[in-house]
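Working notes for the structure below.
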Amino acid sequence: MSTEEKNTPSNFIRNIIDNDLAENKNNSNVVTRFPPEPNGFLHIGHAKSICLNFGLAQEYSGKCNLRFDDTNPEKEDDIYVKSIKEDVKWLGFDWGDTEYHASDYFEKLYLFAIELIKSGNAYVCSLQGDQIREYRGTLKEPGKNSPYRDRSIEENLDLFEKMRKGEFKDGEHVLRAKIDMSSPNINMRDPIIYRIRNVEHQRTGNEWSIYPMYDFTHCLSDSIEGITHSICTLEFEDHRPLYDWVLDTLNTPCHPQQIEFARLNLEYTVMSKRKLLELVDSDKVNGWDDPRMPTISGMRRRGYTPAAIKEFCERIGVTKKDSSIEMGVLESCIREDLDSAAPRAMAVLDPVKITIENYPEDKEELVIAKNHPNDPEMGTREIPFCREVYIERDDFMEEPPKKYKRLTIGQEVRLRYAYIIKCENVIKDENGNITEIICSYDPETKGGKTQDGRKIKGTIHWVSSRHAENAEIRLYDRLFSIANPDKGEGGYIDNLNSESLNILKNCKLEPMLAESENRDIRYQFERIGYFYRDKISSEESGNLTYNRIVTLRDSWTKAKK
RNA sequence: UGGGGCGUCGCCAAGCGGUAAGGCACGGGGUUUUGAUCCCCGCAUGCGUAGGUUCGAAUCCUGCCGCCCCAGCCA
């Protein structure tokens, strides 16, 4: 760690590593790996693992490999490896010169399998799928030995070679580790380590007809790469005896330590690639990078920053306890990052026009606005002002509640950085909807300061009607309507929030927000929230489109309830 | 008694036998040309529960209760 020593809280994995280091295990090296399967896009849960693995490596001056766990050609695709690399890089992590793939070890793995057969620890089983299941027993009853369990080493070798050569159909045979069919741990009941799949692999093409299973591949890949701490999620805890068995039984370079932690659950969303894929495939969302998705690509498009995501992963901690994190934690992280970093701007989402009757019809002037209220170094800008300006429809109320300090008939309010105005009259259409608000202004208050020292309680934002840029603004809300979508009535799909996307088409922006050189800046639209230009929409259609990253905290709406 | 895990504030989480950190949320107050930010203050005589060991227990022991994971030729 070079720069600022931020107080990172301890966790049980750091404790384990500290102890290992104290005992000089692994020559005091720390080597971790992030091992995604390229069968989907990465999500915030993966970010937790990425931050953990790469973070530990950084912290202990070790290294972290990026390894694609690509042993199931039927589900995997190169587009996923591309997106995964983009996401990891965007988060700010560096996997060095080497991009690892389990498929690069297929030959080595094959040799290890032969070693296993030769030592009498693996056999070719010719039972069919349902028979294998039957022989496996149940959670409470032991399994029974396969009739093929005692094939000779020669026969096994011969059969396995033929499997490799593609002489069999899918499913005809499998290679199994010979362990213990009566083990209380089902993973130890002669687990399958190779299966026949006559399909093309995205990287090895048609070179192989057999593919190794996770339990065989993962531990050996870790060992080949000299991993010291192999960190995975809780559901693999039961697999650890097998992980250790393979490495103990074979002659391997080293024996990494598998450590399990609890995967991330976030309220109001789902965190499984299968479910996210389903949302994409069934068009419930607009692709993997839909800004409502908990995917890294979705969050990136929405406007989240790598810093906020990393801070989030730091705050939630690492334990073995199942937990579900409140959205508020994530929101707090992005607000914290953006509060100091985001330049301010003014935008009106739901415009209503006000006419300042005592302001000259043809007059226009520029007012000076700070780009950040607490950071003078961010400078100022000039904003055009004229007789008609748009303000937020709900910044005016005819019958205001107590403590209301915005615009209402007879009450003064400040147009931020411009003038103090007072509402004189309201014009409505035949349905009683307000179409225009008539105000007067105090010419002595340019910039928003009063000459006589009178206090103005409220300040509202505005955009000059003559200079406004029209824009589409997309407001996002939680993807699901209940905290734990999997536990509600029906399936998780039934719990989707129908109001997760709200598209506003008639928004008014101050001119600066339309300039193309400001395309990649995250802004705070004052009094509303943080926004980021949507790359895809803005580029494809030419329409100016902003995504809301997160709202500002709002104690007023809260207080009213 | 199938096996493996986990139970500390509403949500996370430190703590590793010496008398309950911190964050988010929440409540109260102050500053403020964003009802934002910022700044103060408050927020577990209590660590799933019942016993036991000890001068002393969230930490050690025993029982009980609750929750999660495992029977893919997925990872």
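Below, chain A is the first sequence line, B the second, and so on; all start at residue 1. Computed from a prediction, not measured in an experiment: that's the story for all the values here.
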Just to verify, which of A/D104, A/D77, A/D78 counts as forming a salt bridge (charged side-chain N to carboxylate O under 4.0 Å, His left out) with A/R203?
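Per the salt bridge (charged side-chain N to carboxylate O under 4.0 Å, His left out) rule, the option paired with A/R203 is A/D104, out of A/D104, A/D77, A/D78.
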Using only modelled atom types and a 3.5 angstrom limit, is any donor from either the side chain of A/N185 or the base of B/G4 paired with an acceptor on the other?
no
Between the base of B/G5 and the side chain of A/E260, is there any donor-acceptor pair under 3.5 Å?
no
Give me the distance, rounded to whole Å, that separates [N] from [M] when you measure between the [atom1] atoms they each carry.
N	M	atom1	result
B/C41	B/G46	C1'	22 Å
B/U8	B/U49	P	10 Å
B/U59	B/G51	P	14 Å
B/G15	B/A21	C1'	8 Å
B/U45	B/C9	C1'	14 Å
B/C60	B/G7	P	12 Å
B/A71	B/U54	C1'	46 Å
B/A75	B/C68	P	26 Å

Write down the distance between [atom1] ([X]) and [atom2] ([N]), rounded to a whole number of angstrom.
X	N	atom1	atom2	answer
A/D395	B/G35	CG	P	9 Å
A/R527	B/U32	CZ	C1'	14 Å
A/Q131	B/G72	CD	P	15 Å
A/H372	B/U37	NE2	C1'	7 Å
A/L234	B/C68	CG	C1'	8 Å
A/E74	B/A75	CD	C1'	13 Å
A/K320	B/C12	NZ	P	18 Å
A/Q258	B/C69	CD	C1'	14 Å

Check: residues 124-133 of chain A side-chain donor-acceptor pairs under 3.5 Å, at least two apart:
{"residue": "A/S126", "atom": "OG", "partner": "A/R151", "partner atom": "NH2", "Å": "2.3"}
{"residue": "A/S126", "atom": "OG", "partner": "A/H173", "partner atom": "ND1", "Å": "2.7"}
{"residue": "A/Q128", "atom": "NE2", "partner": "A/S126", "partner atom": "O", "Å": "3.4"}

Give one of base, sugar-phosphate or nothing for [X], where a contact means two heavy atoms less than 4.0 Å apart.
X	answer
A/F236	base
A/R406	base
A/K273	nothing
A/K457	nothing
A/H218	nothing

Does the side-chain ring of A/Y214 lie flat on the base of B/A75, meaning centres under 5.5 Å and planes less than 30 degrees apart?
no
Hey, does the side chain of [X] reach the backbone of [Y] with a donor-acceptor pair shorter than 3.5 angstrom?
X	Y	value
A/H201	A/D70	yes
A/D375	A/E377	yes
A/T450	A/D452	no

So which of A/Y417, A/Y441, A/Y419 actually passes ring-ring contact (aromatic ring centres under 6.0 Å, His included) with A/F385?
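Testing A/F385 for a ring-ring contact (aromatic ring centres under 6.0 Å, His included) against A/Y417, A/Y441, A/Y419 leaves exactly one candidate, A/Y419.
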Among A/Y214, A/F216, A/W208, A/F112, the one residue meeting ring-ring contact (aromatic ring centres under 6.0 Å, His included) with A/Y194:
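Only one option passes, and that is A/F216.
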What is the base-pairing partner of B/C74, counting Watson-Crick and G-U wobble geometry with both distances under 3.5 Å?
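Partner of B/C74: none.
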Which residue, A/R133 or A/T319, contacts RNA chain B at a nucleotide closer to its 5' end, judged by nearest heavy atom?
A/T319
I want to confirm an ordering. Mapping A/R335 and A/K48 to their closest nucleotides on RNA chain B, which one lands closer to the 5' end?
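Result of the comparison: A/K48.
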Pairwise side-chain contact, A/F68 with A/I84, heavy-atom cut-off 4.5 Å (strictly under):
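Sidechains of A/I84 and A/F68: in contact.
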The side chain of [X] is closest to which nucleotide in this list: [options]?
X	options	result
A/R195	B/C24, B/C74, B/G35	B/C74
A/I132	B/C73, B/C16, B/G2	B/C73
A/D69	B/C24, B/A75, B/U34	B/A75

Do A/Y110 and A/F160 have their ring centres less than 6.0 Å from each other?
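Under 6.0 Å, so yes.
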Starting at CE of A/M163, measure out to CD of A/E167 and round the result to the nearest 0.5 Å.
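Atom-to-atom, A/M163:CE and A/E167:CD are 11.5 Å apart.
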Below 3.5 Å between N/O atoms, which protein atoms pair up with nucleotides 38-44 of chain B? Just atom names and distances, please.
none

Would you mind calling B/G72 syn or anti? Take O4'-C1'-N9-C4 for purines or O4'-C1'-N1-C2 for pyrimidines, and syn is within 90° of 0.
syn
